[in-house]
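See below for the structure under consideration.
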Amino acid sequence: MARFSQPFERAQLTEADRPVAGRQGTGAARRTYVRFARDIARVEVAVALSHASAAGALANFRAEAEGRDFDTVRRAAQDAWRRRLSAIRIDEADPARKRVFYTASYHAAIAPNLVSDVTGDYRVEGRVLRSEIPQFSNFSNWDTYRAVHPLLTIVDPDMAGGIVASMVSRHRDAGLLLPSWEAVGHDNRVMIGYPIVSIIADAVIKGLPGVDPNSAYAAIRASAFDRTRHSNVYDLNGMDGYLRYGFVPADVASSVSKTTEQNYEDWAIGQVAAKLGRTHDAALFAGRATGWRQLYDPAGGWLLPRLADGRFAPMRRDDWGDLNRHYVSGNIWAYSAYTPHDMAAAIRLHGGRAAYGDWLDAIFRDATPIGGEQHVDLSGFVGRYGHGDEPGHQMPYLFNLAGQPGRTQYYVNRVLRDMYSDRPDGLVNNDDLGQMSAWYVFSTLGFYPVAPGDLTYQIGAPYHRRATVTLPGGRAFVVEADGLSPRNIHVQSATLDGRPLTVSYLTHAQLLAGGTLRFVMGATPSRWGTGAADSSLGAFDDRAPVAVAQRAPWAPYDPVDDPRFAATRDVTLRADGGTIRYTRGAGAPAPGSTRYGAPVRIDRDTVLRAAAFDPALGRSTTLARHYVRSMLKGAPAGFPRIAIAEDGIGYGAKDGAMLIDGIVGGPAYGDKRWTGRVGDITATIDLGSAKPARTLTIGYLDDAMNGIMPPRRIEVLAGDDPDRLVPVGHRDIGPWGGVAQKVERIAIPLPGRAYRHYRIRGSRGATCPPPSSRRAARRGCSSTRSTCNDPCHHPPRTG
């Protein structure tokens with residue numbers, strides 16, 4: 001709905017910026033332009049929008065724009081922002097620091113956004129619903145649960161409660177599972193875990209207005225058992241293995257990151273269960289929250305990817321490629337420290353407070369070079385701590401829990417000083433709907449919520465001489481710093497309302513009560529906050545044993561990784577405990593299936609499924625392997641060789657080697673098993689000697705959500721001279737069937753003659769649908785794709 005203050009001479013409807021006939025129409029590329037008379041110097045335009053309907057836009061216009069001019073609306077907006085930005089006032093002599101602070105405060109307040117009309121109508125997952133409460137969207141939950149929403153619970157709890165109420169309504173009223181990353185009413189599923197539960201749980205624990213605890217609990221509990229909502233970027237959610245073992249097995253991409261994030265989220269759900277008196281669930285989720293302990297490697301203190309068979313997955317730690325496979329954004333350092341809800345266990349596993357602090361400090365000092373292609377979101381390094389992406393934002397504050405607050409004060413100050421400025425590029429990476437900025441706001445005040453849901457804030461050190469937080473009811477919480485200077489960044493002592501504060505944390509109740517927190521600052525670390533009872537963990541035996549329980553039998557495995565064979569193969573299965581039972585090409589193994597006792601002989605394409613059974617631990621997950629009879633296994637030494645004609649491999653090995661490595665890609669390119677590029681792809685395979693092939697099998701990924709479209713045509717050429725190859729087979733894929741996320745595998749018959757060279761061409765297929773139809777908003781692996789990739793996988797084998 002638009003109102004113009006001057007009449008226009010002409011209006012023209014366009015499609016993709018080209019004029020079309022008519023005066024109305026719909027479509028992602030449909031627009032209208034208007035032309036005014038040359039003597040009109042100024043035009044005032046009022047526009048009202050609706051995500052639900054044209055009628056909703058008109059209702060919004062009448063309620064919010066009718067009878068108002070531009071200056072009136074501008075003054076109202078200025079007043080609203082003045083109130084919001086005045087919620088925290090700082091006394092700061094440095095104008096640059098003042099600009100950075102209020103810019104950060106602004107960034108931390110621009111999302112989530114209201115998406116419902118004044119009528120109550122809103123759109124979610126393509127449906128128009130009506131709600132009695134305001135509806136919000138643009139939930140960058142994986143980022144913002146860490147600081148944006150905790151900040152909002154302090155400065156505007158009514159708004160925070162309203163946002164959470166709208167989140168809960170997705171489950172209660174719309175009948176949907178909670179979104180993982182919702183943009184304009186659609187869950188893009190671009191990140192991992194179910195981080196929205198942290199925001200909701202924190203709201204219930206804090207008693208925010210407008211949040212029904214029972215409806216909230218039903219919504220977050222449902223998220224913790226869902227096996228269907230997978231990431232568009234980071235592979236399956238891995239819940240089958242997670243629910244059985246307590247960790248996401250390493251055959252799923254980003255398994256360590258998913259495990260640690262979901263462990264924290266389960267802990268948050270357990271906190272709500274305990275508050276609501278659901279003792280069984282409280283115990284269930286408290287147990288689930290400890291699964292990360294099974295990934296701990298005492299040799300280096302890292303959390304490493306572990307397979308369902310109990311083995312740690314092989315992984316190079318000096319190459320980004322391997323790291324990116326197992327950790328979101330490739331950061332082993334952040335996720336090895338991502339245990340904010342279970343820090344007493346983490347400290348004990350590392351050998352005590354001093355040892356944990358030294359291990360953590362070594363990360364901030366590590367300058368070892370890493371090979372390969374670094375993930376785009378990894379930036380803002382202090383050693384191996386990367387402030388430019390969110391998983392490590394709690395790390396500088398963990399020194400407090402190890403009794404070393406001086407290190408927290410040093411590293412927080414270093415990040416504040418070096419990684420935020422008032423330049424246009426003043427952030428070291430994407431703000432991610434305010435999380436980078438909210439970290440700054442909290443940290444300059446001198447405290448930070450390391451684990452939202454536990455009602456404590458870890459104290460760093462103030463960055464301004466004085467800051468005043470306005471609280472509901474007219475109360476104020478004031479932070480003062482005596483002696484603060486660029487050198488005096490360390491806390492020497494602290495008082496709260498005049499009484500000594502010796503602990504290194506602040507409670508939510510203390511904050512909301514108002515008062516004055518005063519610090520005395522100095523140039524060197526002091527003994528303040530270093531006592532065994534001074535951290536929020538309290539006094540505890542930091543070297544006591546930690547229970548690490550195996551929850552299910554380890555799955556069987558084949559010690560030979562490559563599933564291809566030349567003519568026959570004897571498949572050996574192993575399992576660390578339990579009895580192995582298997583099936584050939586049938587369903588999942590049962591207790592009555594064939595018991596494995598000797599290697600299984602196969603001479604054709606075969607699917608073996610195996611599981612381990614243990615009287616005490618139950619049943620393992622199922623090993624399912626597709627063994628493939630392939631001519632590539634009989635090639636001479638040094639062969640097969642592959643060459644890709646085109647440049648610009650978008651992901652996967654740049655030389656194309658992954659196309660014939662025997663590893664099959666899954667339904668997400670983020671599993672690091674695919675090769676893809678924009679446009680056509682031509683792969684020529686040299687077998688070293690002439691060999692007959694009866695079938696070529698090839699897989700392609702159909703994932704328009706990530707701009708990956710199926711190829712239009714697959715062609716196969718063959719011959720002994722690579723310059724004189726002849727066509728021997730092809731397959732036309734057919735028209736694109738619409739948005740999906742699936743793997744298609746096709747078999748192309750070949751003549752069975754012996755050739756040395758085989759060339760496979762994949763022709764670019766359908767153009768990608770516009771973002772509005774494929775909902776392609778993403779973060780993580782790369783920016784939103786506006787062109788198509790035609791990934792192919794697994795050329796020729798014998799059938």
Side-chain angles (χ1 to χ4, degrees), residues 301 337 339-365 382-383 385 392-417 442-451 454-463 479-508 510-511 516-544 546:
T339 56
H341 62 290
D342 200 15
M343 285 303 301
I347 289 170
R348 286 167 169 156
L349 286 173
H350 278 269
R353 295 179 182 86
Y356 184 88
D358 289 345
W359 171 82
L360 190 62
D361 188 63
I363 295 175
F364 284 85
R365 296 178 182 275
V382 179
Y385 168 71
H393 274 189
Q394 83 290 348
M395 287 175 66
Y397 289 93
L398 298 183
F399 291 107
N400 274 14
L401 302 172
Q404 301 172 20
R407 283 173 164 172
T408 284
Q409 295 152 22
Y410 170 77
Y411 286 118
V412 170
N413 182 273
R414 182 169 171 180
V415 172
L416 290 171
R417 183 188 69 229
F442 265 123
S443 296
T444 61
L445 291 175
F447 50 90
Y448 186 78
V450 162
D454 76 346
L455 300 180
T456 64
Y457 303 87
Q458 296 304 315
I459 293 176
Y463 199 59
V479 181
E480 296 180 343
D482 294 343
L484 179 67
S485 72
R487 291 191 66 242
N488 293 347
I489 63 171
H490 291 286
V491 176
Q492 307 299 300
S493 64
T495 59
L496 181 60
D497 285 340
R499 294 183 292 274
L501 182 71
T502 59
V503 297
S504 60
Y505 65 95
L506 184 70
T507 70
H508 189 65
Q510 289 172 324
L511 175 60
T516 299
L517 175 61
R518 178 174 286 110
F519 295 95
V520 175
M521 307 299 293
T524 58
S526 70
R527 298 295 301 167
W528 176 86
T530 61
D534 289 342
S535 82
S536 57
L537 299 176
F540 70 99
D541 182 353
D542 65 349
R543 299 197 180 190
V546 176

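Judged purely by atom type and a 3.5 angstrom limit, Gln409 uses its side chain to pair as donor or acceptor with the backbone of Val491. In this structure, the side chain of Asn413 does not engage the main chain of Ile489 through any donor-acceptor pair within 3.5 Å. No donor-acceptor pair under 3.5 Å is formed between the side chain of Gln394 and the backbone N or O of Thr339. With hydrogens and angles disregarded, a donor-acceptor distance shorter than 3.5 Å links the side chain of Asn400 to the backbone of Ile459. A donor-acceptor pair is defined here as one N or O able to donate and one able to accept, closer than 3.5 Å; such a pair exists between the side chain of Gln492 and the backbone of Thr524. In this structure a side-chain-to-backbone donor-acceptor pair under 3.5 Å is missing from Arg407 to Asp361.
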Report task. Show your working on side chain to side chain contact (heavy atoms under 4.5 Å, CB included) between Tyr410 and Phe364 and close with a plain yes or no. Result -> CA-CA 11 Å; Tyr410 170 77; Phe364 284 85; over 6 Å; no

**Report entry** His341 and Asp454: CA distance, side-chain angles, deciding distance, side chain to side chain contact (heavy atoms under 4.5 Å, CB included) verdict
**Finding:** CA-CA 8 Å; His341 62 290; Asp454 76 346; over 6 Å; no

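Interatomic distance, Tyr457 OH to Thr507 OG1, rounded to the nearest 0.5 Å: 9.0 Å. For the atom pair CH2 of Trp359 and CD1 of Ile347, the computed distance is 11.0 Å after rounding to the nearest 0.5 Å. Rounding to the nearest 0.5 Å places CE of Met521 at 9.0 Å from OG of Ser526. Put simply, OH on Tyr505 and OG1 on Thr456 are 8.0 Å apart, with the number rounded to the nearest 0.5 Å. Residue Gln458 holds its CD atom at 7.5 Å from OG1 of Thr408, rounded to the nearest 0.5 Å. How far CE of Met343 is from CG of Leu398: 4.5 Å, rounded to the nearest 0.5 Å.
For the residue pair Ala337 and Leu360, the shortest heavy atom distance occurs at CB-CD1, 4.3 Å. Leu537 approaches Ala344 most closely through the heavy-atom pair CD1-N, 4.1 Å. In terms of heavy-atom proximity, Val546 sits nearest to Ala345 at CG2-O, 3.8 Å. Shortest non-hydrogen contact noted between Gly406 and Pro525 is CA-CB, 4.1 Å. Nearest heavy atom pair, residue Gly483 against residue Asn488, reads O-ND2, 2.9 Å. Across every non-hydrogen atom of Gly357 and Ala402, the tightest pair is N-CB, 4.1 Å.
Between Asp534 and Trp528, every side-chain heavy-atom pair lies at or beyond the 4.5 Å cut-off.
Listed by first then second residue, pairs satisfying side chain to side chain donor-acceptor pair (under 3.5 Å) with a partner in residues 344-355 read Arg353-Asp542, not counting sequence neighbours.
Under the ring pair (Phe, Tyr, Trp, His ring centres under 6.0 Å) rule, Tyr397 has a single partner from Tyr448, Tyr411, Tyr385, Phe442, which is Tyr448.
Shown here are the side-chain contact (heavy atoms from CB on, under 4.5 Å) partners of Arg499, two or more places apart in sequence or in another chain: Asp497. Listed by chain and residue number, Pro405, Arg527 satisfy the side-chain contact (heavy atoms from CB on, under 4.5 Å) test with Thr530 (two or more places apart in sequence, or in another chain).
Remark: Arg417 CZ is packed, more than 12 non-hydrogen atoms of other residues, nucleotides or ligands lying under 6.0 Å away.
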